Number of protein chains: 2
Amino acid sequence: MSKLDESLLIGLPPFSRLERPQIREILDLAVPRRYDTGSAIFSEGAEAERFYLLLDGFIRVIRTTPTGEQIIALHIAPGQLFGIAPALQRDTYPAAAMAAADCIALSWPVRLWNDFIAKYDGFATETYRTVGERLGEMQTRIVDLATKAVEQRVAAALLRMVNQTGRKTEEGIEIAFPITRQNISDMTGTTLHTVSRLLSAWEKDGLVKSTRKHVVVTSPHGLMMLCGATD
Amino acid sequence: MSKLDESLLIGLPPFSRLERPQIREILDLAVPRRYDTGSAIFSEGAEAERFYLLLDGFIRVIRTTPTGEQIIALHIAPGQLFGIAPALQRDTYPAAAMAAADCIALSWPVRLWNDFIAKYDGFATETYRTVGERLGEMQTRIVDLATKAVEQRVAAALLRMVNQTGRKTEEGIEIAFPITRQNISDMTGTTLHTVSRLLSAWEKDGLVKSTRKHVVVTSPHGLMMLCGATD
DNA sequence: CGCCGTTTTGAGGGTTCTCAAACGGGGTGG
DNA sequence: CCACCCCGTTTGAGAACCCTCAAAACGGCG
């Protein structure tokens with residue numbers, strides 16, 4: 001097995017304050033693995049055995065209800081830690097993670113977590129900053145779900161994805177991973193039918209362009225208008 | 001000013017592993033204060049200058065939307081830390097806190113946070129456990145808001161409050177702080193009218209009893225039934 | 001080329017919101 | 001001590017929004 005290159009981790013928030021030799025140590029303890037689109041990395045409620053760092057691809061964090069409906073709690077972009085249950089003293093994962101696109105991720109056994117915290121300056125700090133950001137994002141989502149109409153929620157969801165994982169193209173900004181109407185409805189608590197109708201309407205208005213499993217936002221500003229007020 | 005008694009902190013999760021002298025140190029650094037019902041402890045977006053421990057009363061954590069609607073993110077019970085922005089490397093509070101009942105709270109300047117983490121065994125661990133629990137609770141709320149009908153959300157909200165802060169009475173279990181229909185609607189993303197109708201219906205069915213600013217759940221089991229499935 | 005998963009579009013109905021008005025109880029001030 | 005006033009609550013009617021059910025078109029992959 002070839003050694004992982006140190007450049008993979010250099011500059012990423014949790015490791016930004018570390019020197020090369022320390023990064024080497026960390027990499028030597030990591031297990032790299034590939035996950036095909038749609039495959040599960042871990043399941044909700046499962047024993048939290050490892051924590052992960054996404055190198056490439058996109059991860060969907062999914063929560064399932066007792067009645068079988070599922071909602072997408074979060075998307076993880078390359079360079080981010082995920083499955084960090086140990087950071088919160090949990091011994092099971094609170095949600096499932098699946099690959100939204102083909103992914104490469106490193107992972108470490110949870111027993112190393114405390115070592116990392118103790119040994120590597122800035123690792124704890126940066127990690128808890130991430131937790132804080134996700135917590136803030138979740139609060140925003142709660143507020144959105146509680147107060148906004150469906151149209152505004154869908155617009156907000158698109159904007160969030162564009163901001164976090166957008167990729168510029170000549171047409172506009174493209175969401176960088178495959179996404180279906182059903183996926184969007186799972187993020188916003190609505191139905192794929194309503195999402196389809198909204199996207200069709202927006203396409204007519206020149207705000208977005210979409211094909212199968214693929215969305216390009218041509219006018220982020222226009223979507224932002226929709227989020228603000230119904231008027 | 002009389003010294004605070006050490007028994008205030010003994011046994012509380014963040015301090016459970018500490019010895020008396022350490023608790024003494026912590027108490028001597030704390031500023032105690034009383035907050036009248038309805039008064040603000042801190043505001044959303046404000047500079048995070050202090051972190052708090054609630055000794056008595058109840059705190060509502062509130063997020064306000066650009067359009068002025070507000071939703072209640074969380075309730076804090078006695079013995080819990082709140083305003084712990086520093087734990088997540090934030091320099092502003094992500095939400096406002098107001099006293100839902102008359103409250104007594106201790107507080108410390110944020111610059112002591114890192115000292116506490118470094119100096120007191122278990123403080124970090126227990127605090128992050130709390131963060132983890134709140135994060136899990138928020139995920140559950142997101143799922144509820146996204147998938148459940150209004151009736152189920154209101155039932156779930158009542159049950160959550162009963163579980164976290166319930167007080168047994170001869171009639172049933174009483175929510176331990178003053179709460180209006182409007183408050184409940186702010187927690188569930190609905191209107192006070194709908195909440196009023198639901199409570200009236202449930203009272204007729206013998207599930208709850210309510211007076212002004214006051215709710216007693218007489219049949220938690222019955223409410224749990226409502227949460228599960230609409231059928 | 002055929003199948004399956006995704007998307008589109010229509011019609012109808014139900015839940016919940018909005019608007020409106022009146023009631024009740026508790027606290028405050030006279 | 002009583003009366004008034006304010007805040008919280010109740011209830012009704014109508015409408016809007018979105019979901020459910022249904023069916024067909026589309027496009028990629030084997």
Side-chain angles (χ1 to χ4, degrees), chain A residues 36-38 65 67-69 71 100-102 144-155 157-158 175 177-205 208-216 226 229-231, chain B residues 36-38 60 65 67-72 100-102 144-158 175 177-205 208-216 226 229-231:
Chain A
D36 288 329
T37 302
T65 68
T67 59
E69 295 145 304
I71 83 116
D102 291 349
D144 287 357
L145 283 167
T147 64
K148 290 185 176 174
V150 167
E151 182 179 40
Q152 301 167 45
R153 297 209 298 265
V154 174
L158 287 183
I175 292 172
F177 50 89
I179 186 164
T180 66
R181 311 287 186 266
Q182 173 77 59
N183 292 150
I184 297 175
S185 70
D186 286 343
M187 300 170 57
T188 51
T190 179
T191 63
L192 73 162
H193 306 106
T194 301
V195 172
S196 176
R197 281 183 240 271
L198 286 172
L199 287 183
S200 297
W202 290 343
E203 184 140 12
K204 210 168 298 173
D205 296 344
V208 304
K209 274 179 184 278
S210 70
T211 58
R212 191 186 178 82
K213 289 194 173 191
H214 204 76
V215 177
V216 178
L226 285 175
T230 320
D231 290 330
Chain B
D36 288 329
T37 302
R60 261 195 263 282
T65 68
T67 58
E69 294 145 304
Q70 58 181 41
I71 83 115
I72 297 174
D102 291 348
D144 288 357
L145 283 168
T147 65
K148 290 185 177 175
V150 168
E151 182 178 38
Q152 300 167 43
R153 296 209 300 265
V154 174
L158 287 183
I175 292 171
F177 49 88
I179 186 165
T180 66
R181 310 288 186 263
Q182 173 78 59
N183 292 151
I184 297 175
S185 70
D186 286 343
M187 299 171 57
T188 51
T190 178
T191 62
L192 74 161
H193 310 265
T194 301
V195 172
S196 176
R197 282 184 239 270
L198 287 172
L199 287 183
S200 296
W202 290 343
E203 183 142 12
K204 212 168 296 175
D205 296 343
V208 305
K209 273 179 185 277
S210 70
T211 58
R212 190 189 178 82
K213 288 193 173 191
H214 204 75
V215 177
V216 178
L226 284 176
T230 320
D231 292 331

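Computed from a prediction, not measured in an experiment: that's the story for all the values here. Below, chains carry the letters A, B, ... as their sequence lines are ordered, and counting in each starts from 1.
Counting heavy atoms from C-beta on, the side chains of T147(B) and T67(A) never come closer than 4.5 Å. Between W202(A) and V154(A), some side-chain heavy-atom pair lies under the 4.5 Å cut-off. Using a 4.5 Å cut-off on side-chain heavy atoms (C-beta onward), Q152(A) and D144(A) make no contact.
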Per-nucleotide protein contact string for nucleotides 19-30 of chain D, where B marks a base within reach and S marks sugar-phosphate only (heavy atoms under 4.0 Å, - for neither): SBBB----B---
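To the nearest 0.5 angstrom, I179(A) atom CD1 is 7.0 Å from L158(A) atom CG. For the atom pair OG (S210(A)) and CD1 (I175(A)), the distance works out to 10.0 Å, reported to the nearest 0.5 Å.
Rounded to 10°, the angle separating the first-five-pair axis and the last-five-pair axis of the helix from dC1(C)-dG30(D) to dG30(C)-dC1(D) equals 40°.
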side-chain contact (heavy atoms from CB on, under 4.5 Å) between V195(B) and N183(B), worked out: CA-CA 10 Å; V195(B) 172; N183(B) 292 151; over 6 Å; no
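Distance CD1 (I179(B)) to C1' (dT9(D)): 15 Å, rounded to an integer number of Å. Rounded to an integer number of Å, the gap from L192(B) CG to dG12(D) C1' is 15 Å. Between the P atom of dT9(D) and the CG atom of L198(B) lies a distance of 14 Å, rounded to the nearest Å. Distance CD (Q182(B)) to P (dT9(D)): 9 Å, rounded to an integer number of Å.
Counting 5' to 3', DNA chain C first comes under 4.0 angstrom of a heavy atom of chain A and last does so at the ends given by dG5(C) to dA11(C).
Among residues two or more places apart in sequence or in another chain, the side-chain hydrogen bond (donor to acceptor under 3.5 Å, both in side chains) test is passed with S196(A) by none. Residues passing the salt bridge (charged side-chain N to carboxylate O under 4.0 Å, His left out) test with D102(B), sequence neighbours excluded: R34(B).
Nearest heavy atom pair, residue A155(B) against residue L226(B), reads CB-CB, 4.2 Å. Taking all atoms of both residues into account, the shortest heavy-atom contact from A146(B) to I71(A) is CB-CG2, 4.0 Å.
The side chain of S196(B) contributes an N or O atom lying less than 4.0 Å from OP1 or OP2 of dT10(D).
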Would you mind writing out the side-chain donor-acceptor pairs for residues 185-193 of chain A within the sub-3.5 Å range, not counting sequence neighbours?
unit_1  : atom_1 : unit_2  : atom_2 : d
S185(A) : OG     : Q182(A) : O      : 2.7
D186(A) : OD1    : Q182(A) : NE2    : 3.2
T188(A) : OG1    : I184(A) : O      : 2.9
T191(A) : OG1    : T194(A) : N      : 3.3
T191(A) : OG1    : T194(A) : OG1    : 3.1

